[in-house]
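Here's the structure we're looking at; comments come further down.
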Amino acid sequence: MNNQNILEKILGKTIAIVYAFEGEKAPGFKHYHIWKSDVISEWLKAVQNLKGRPFILDVRTFVEKAMSNTLPHIDYVINLNCGSCELSPMGLVPSICGFLGISCIPCDTTSIIVGENKLISNFIAEANGLNVPPNLSYDDKKGIYRPLNFGSSYGVKKVTYIDSSKNGIYQKFINGYDITTPFIYNPVTQNMDPLPTIIYLSHNDDKEWFFDEKAKINKSGYERAIIAKLQQELVIKFQKLIESLSIKTFCRIDARIQCKTNEKIENIKDYELRENNTYFIEINPMPTIKEGNSFGFSYNAISKEYPIYPFIELLKNELDVDSMYCLLLASSILSYSNSKATS
């Protein structure tokens, strides 16, 4: 695919940005987290960078207009309805998109419902050959509890007792380090390729420390570094998991490096992430995209060695744009347009 063909496919599209309105009072639409104007505005800039026509509306207005057949022509929808306390409502926007035959970024309803459910995604990860922490009985006092459907580390905690009525998974805690690896559709390779992996290092090098809700909110007690080397066997298993969940644009996989209590990764720069001591934790089919967070930190670490680099250079040279949001939007459009061309 030459540069001109790529530009023809990504430029001038009408793109709806659909967000969760904070004043929404529907009983099933309670949220523990809502993306605000700082995130919405960056996606708006990305549409502008691709010379597109933005259409911004809240979820209820989008649904009402869809059902009354009063929406204008829309090529793609960017779904910013995140952080729902119940999983089912997170499928509302992509389900309407499916009804209308509009591609939804970053994913469809199946990917959200299956991927965000930690129990199901753990089963699928294990079926694809990834290590998964063993499940524990509720009377075991050495585990970690993760709510079934929440993201943003919400409600994740190490516990000495867990009520069996809790809706979540209770697993063995893996001593070591938290890591996260973003993946993105690469129009050059036509694969879902990894971006730089982030490792979270606690300030006291405690192997029992993990990136919990408190650490995520306060942004304290840890520092981030990049693991540049991933064993190809691990990458392939991650890609198989992503394919199993029908994720076609971008996502993020959280995992844990297993280490002994007194074991330390001395040289992060030369460390290779390998499948034998990497344990899958969860996949995020609708990851938070924000400057400074995991995706932003990873994007800023991309170098020539990464497969996505040539596409980033193409956007810089042809559009004079160096933007994580523009990269994600352009690659998502190309993923869906290429899928339609081959179907």
Side-chain angles (χ1 to χ4, degrees), residues 16-44 55-68 71 77-100 102 104-122 144-159 162-170 211-219 245 247 251-252 254 281-290 293-295:
I17 300 172
V18 182
Y19 67 96
F21 174 51
E22 291 184 82
E24 176 59 67
K25 301 298 184 183
F29 218 60
K30 185 179 178 182
H31 285 67
Y32 61 87
H33 177 67
I34 287 178
W35 290 330
K36 300 182 185 297
S37 58
D38 56 342
V39 174
I40 297 171
S41 62
E42 291 299 330
W43 283 110
L44 182 59
F55 188 46
I56 306 173
L57 62 172
D58 66 280
V59 173
R60 182 181 285 273
T61 304
F62 174 68
V63 173
E64 289 175 347
K65 284 185 170 293
M67 293 299 99
S68 62
L71 283 171
V77 166
I78 298 172
N79 176 21
L80 299 185
N81 173 33
C82 79
S84 197
C85 292
E86 296 295 332
L87 185 55
S88 294
M90 288 186 68
L92 179 58
V93 172
S95 291
I96 295 294
C97 289
F99 176 74
L100 299 174
I102 301 172
C104 187
I105 298 170
C107 59
D108 63 15
T109 302
T110 301
S111 300
I112 291 177
I113 300 302
V114 177
E116 291 284 351
N117 184 302
K118 294 180 181 65
L119 182 62
I120 298 175
S121 63
N122 269 248
I144 185 166
Y145 169 78
R146 303 179 191 277
L148 210 58
N149 304 327
F150 292 160
S152 299
S153 301
Y154 188 84
V156 178
K157 54 189 174 183
K158 290 173 68 177
V159 294
I162 188 71
D163 187 341
S164 60
S165 65
K166 290 281 188 181
N167 191 21
I169 57 173
Y170 185 51
F211 194 42
D212 61 4
E213 182 183 355
K214 182 179 179 181
K216 197 161 194 174
I217 292 173
N218 296 335
K219 296 179 172 57
L245 296 175
I247 297 171
C251 65
R252 205 185 74 239
D254 296 343
I281 299 300
E282 66 180 51
I283 187 167
N284 298 274
M286 262 189 73
T288 303
I289 307 298
K290 191 174 182 180
N293 81 340
S294 300
F295 243 97

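Scope of the values below: all heavy atoms of this structure, side chains included, with no hydrogens, waters or symmetry mates. The first residue of the sequence shown is numbered 1, and numbering continues consecutively from there.
- Between Pro94 and Cys107, the closest heavy-atom pair is CB-O, 3.7 Å.
- In this structure, Met90 and Cys82 approach most closely via the heavy-atom pair CE-CA, 4.3 Å.
- Between Ala20 and Phe29, the shortest heavy-atom contact is CB-CE2, 4.4 Å.
- With rounding to the nearest 0.5 angstrom, the CG atom of Asn79 is 8.5 Å from the CZ atom of Phe62.
- Between the side chain of Glu24 and the backbone N or O of Ala26 there is at least one donor-acceptor pair closer than 3.5 Å.
- Here the closest non-hydrogen pair linking Pro89 and Gly28 is CG-O, 3.0 Å.
- The nearest pair of heavy atoms linking Ile247 to Ile283 is CD1-CD1, 3.8 Å.
- The distance from atom CG of Leu119 to atom CD1 of Ile169, rounded to the nearest 0.5 Å, is 7.0 Å.
- Annotation: side chain of Ile96 is in contact with side chain of Met67 (closest heavy-atom distance under 4.5 Å).
- A distance-only check finds no donor-acceptor pair linking the side chain of Asp38 to the backbone of Ser41 [under 3.5 Å].
- Using a 4.0 Å cut-off between charged side-chain N and carboxylate O, Arg146 and Glu282 make no salt bridge.
- The closest side-chain heavy-atom distance from Thr61 to Phe21 is not below 4.5 Å.
- The closest donor-acceptor contact from the side chain of Asn293 to the backbone of Thr288 lies under 3.5 Å.
- Of the inter-residue distances, the one linking Asn81 atom CG with Leu92 atom CG reads 7.0 Å to the nearest 0.5 angstrom.
- Distance CD1/Ile281 to NZ/Lys118: 10.5 Å, rounded to 0.5 Å.
- Atom CG of residue Leu57 and atom CG of residue Leu71 lie 7.0 Å apart, to the nearest 0.5 angstrom.
- When all heavy atoms of Pro287 and Phe295 are compared, the closest pair comes out as CG-CE1, 3.6 Å.
- Between atom CD1 of residue Ile289 and atom CD1 of residue Ile105 there is a gap of 11.5 Å, rounded to the nearest 0.5 Å.
- In this structure, Leu245 and Pro285 have side chains that are not in contact, with every pair of non-hydrogen atoms separated by 4.5 Å or more.
- Counting heavy atoms from C-beta outward, Val77 and Leu100 have side chains that stay 4.5 Å or more apart.
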